[in-house]
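Following: one structure in structure tokens, then a few remarks.
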Amino acid sequence: MSGPMLEIALADEAATEALGAALADVLSPGMRVYLNGQLGAGKTTLVRGLLHALGHVGPVRSPTYALVESYALSRFTAHHFDLYRLADPEELEFIGIRDFITDDAVCLIEWPERAAGLLPEATVNVELRLSGRGRVARLRGGVGEGARALAALHIK
């Protein structure tokens, strides 16, 4: 993925949620955010911060077994995917993946590499990795919307 790259140190869970909230401010319908990183790296924590910043009230759990959880928000609908337990990319065809990846929704996809070849390119790619007691986030924006989103990102 080309375009700009940001690297941000995240001291704790609150900082990871704050990054999600900052990302929420720059997302627009049609964007795809791919979340990469080992188990426990904070992917769902970041999504929780993002969804709460967009007005979702209530718990945000990783949809490990359902594969996708949708949230009707004021600005757009967000579809949160967790592909960790995806046995075969064909399962995504079965759930109708193309019906979720639309110009009027945002897709947040954990473990996108499990569906290689079926997913369009990410607008923003977030890689989280453990670092000491905290985490490091590396964000890459593709050309166009992804690059503009990262340029507008303000970490609080």
Side-chain angles (χ1 to χ4, degrees), residues 1-38 40-63 67-84 86 92 97-131 134-156:
M1 176 176 274
S2 59
M5 194 269 291
L6 294 173
E7 190 165 287
I8 302 161
L10 304 168
D12 52 23
E13 187 173 315
T16 304
E17 286 192 12
L19 175 58
L23 196 53
D25 288 341
V26 299
L27 292 182
S28 57
M31 295 180 85
R32 295 164 307 281
V33 179
Y34 292 178
L35 299 127
N36 300 284
Q38 67 198 82
K43 296 178 294 295
T44 301
T45 301
L46 186 139
V47 170
R48 181 182 315 118
L50 187 152
L51 292 173
H52 285 162
L54 290 168
H56 173 69
V57 177
V60 174
R61 294 181 191 87
S62 191
L67 293 181
V68 63
E69 185 73 40
S70 297
Y71 299 86
L73 306 164
S74 61
R75 288 178 29 212
F76 47 74
T77 295
H79 304 294
H80 178 203
F81 292 84
D82 182 342
L83 306 183
Y84 180 71
L86 189 69
L92 290 176
I97 185 78
R98 287 178 179 82
D99 295 335
F100 292 97
I101 301 174
T102 63
D103 289 342
D104 59 352
V106 168
C107 290
L108 311 164
I109 304 177
E110 297 184 36
W111 303 96
E113 67 277 10
R114 308 262 172 151
L118 280 179
L119 297 174
E121 186 177 349
T123 311
V124 175
N125 192 63
V126 179
E127 178 190 338
L128 292 160
R129 67 178 175 359
L130 300 172
S131 177
R135 292 169 177 79
V136 172
R138 182 174 288 155
L139 292 84
R140 290 187 189 275
V143 293
E145 278 188 291
R148 284 191 295 277
L150 289 190
L153 190 68
H154 295 289
I155 310 300
K156 297 170 180 100

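Please read all numbers here as calculations on a predicted model, not as lab measurements.
- Not a single donor-acceptor pair under 3.5 Å links the side chain of T77 to the backbone N or O of L73.
- Using modelled atom types, one side-chain atom of T123 and one backbone atom of R32 make a donor-acceptor pair closer than 3.5 Å.
- Remark: F76 CZ to T102 OG1 distance equals 11.5 Å, nearest 0.5 Å.
- A pairwise comparison of heavy atoms in P29 and E145 identifies O-OE2, 4.3 Å as the closest pair.
- H79 and S70 get closest at one heavy-atom pair: ND1-OG, 2.6 Å.
- Contact record, A137 with L128: CB-CD2, 3.6 Å, taken as the closest heavy-atom pair.
- The distance from atom OG1 of T16 to atom CG of L46, rounded to the nearest 0.5 Å, is 7.0 Å.
- Within the 3.5 Å criterion, the main-chain N or O of A24 finds a donor-acceptor partner in the side chain of R75.
- Residues Y71 and L54 are not in side-chain contact: their nearest non-hydrogen atoms beyond the backbone lie 4.5 Å or more apart.
- Proximity of N125 to N36: side-chain heavy atoms (C-beta onward) are separated by under 4.5 Å at one or more points.
- No side-chain heavy atom of V47 sits under 4.5 Å from any side-chain heavy atom of V33.
- Looking only at side-chain heavy atoms (C-beta outward), D82 and L67 stay at 4.5 Å or farther from each other.
- Side-chain contact between M31 and V124 is present, with at least one heavy-atom pair separated by less than 4.5 Å.
- Between E13 and R48 there is a salt bridge, since at least one side-chain N of the basic residue sits less than 4.0 Å from a carboxylate O of the acidic one.
- Remark: S131 pairs with V136 by the side-chain contact (heavy atoms from CB on, under 4.5 Å) rule, at least two apart or across chains.
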(message) Is there a side chain to side chain contact (heavy atoms under 4.5 Å, CB included) between L23 and V126? Walk through the geometry before answering.
(response) CA-CA 10 Å; L23 196 53; V126 179; 4.2 Å; yes
Donor-acceptor pairs under 3.5 Å, side chain of residues 106-115 to any protein atom, not counting sequence neighbours: which ones?
unit_1, atom_1, unit_2, atom_2, d
E110, OE1, T44, OG1, 3.3
E110, OE2, T44, OG1, 2.8
E110, OE2, H80, NE2, 2.7
R114, NH1, Y84, O, 2.9

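- To the nearest 0.5 angstrom, R140 atom CZ is 8.0 Å from E127 atom CD.
- When side chains are defined from C-beta on, V68 counts as touching F100, because their heavy atoms get closer than 4.5 Å.
- H52 places no side-chain N or O within donor-acceptor distance of the main-chain N or O of P59, the cut-off being under 3.5 Å.
- Two residues are said to be in side-chain contact when any heavy atoms from C-beta on lie closer than 4.5 Å; L6 and L153 meet this criterion.
- Here the CD1 atom belonging to I8 is positioned 6.5 Å from the CG atom belonging to L10, to the nearest 0.5 angstrom.
- For the pair R129 (side chain) and Q38 (backbone), a donor-acceptor distance under 3.5 Å is absent.
- R98 pairs by the salt bridge (charged side-chain N to carboxylate O under 4.0 Å, His left out) definition with E93, not counting sequence neighbours.
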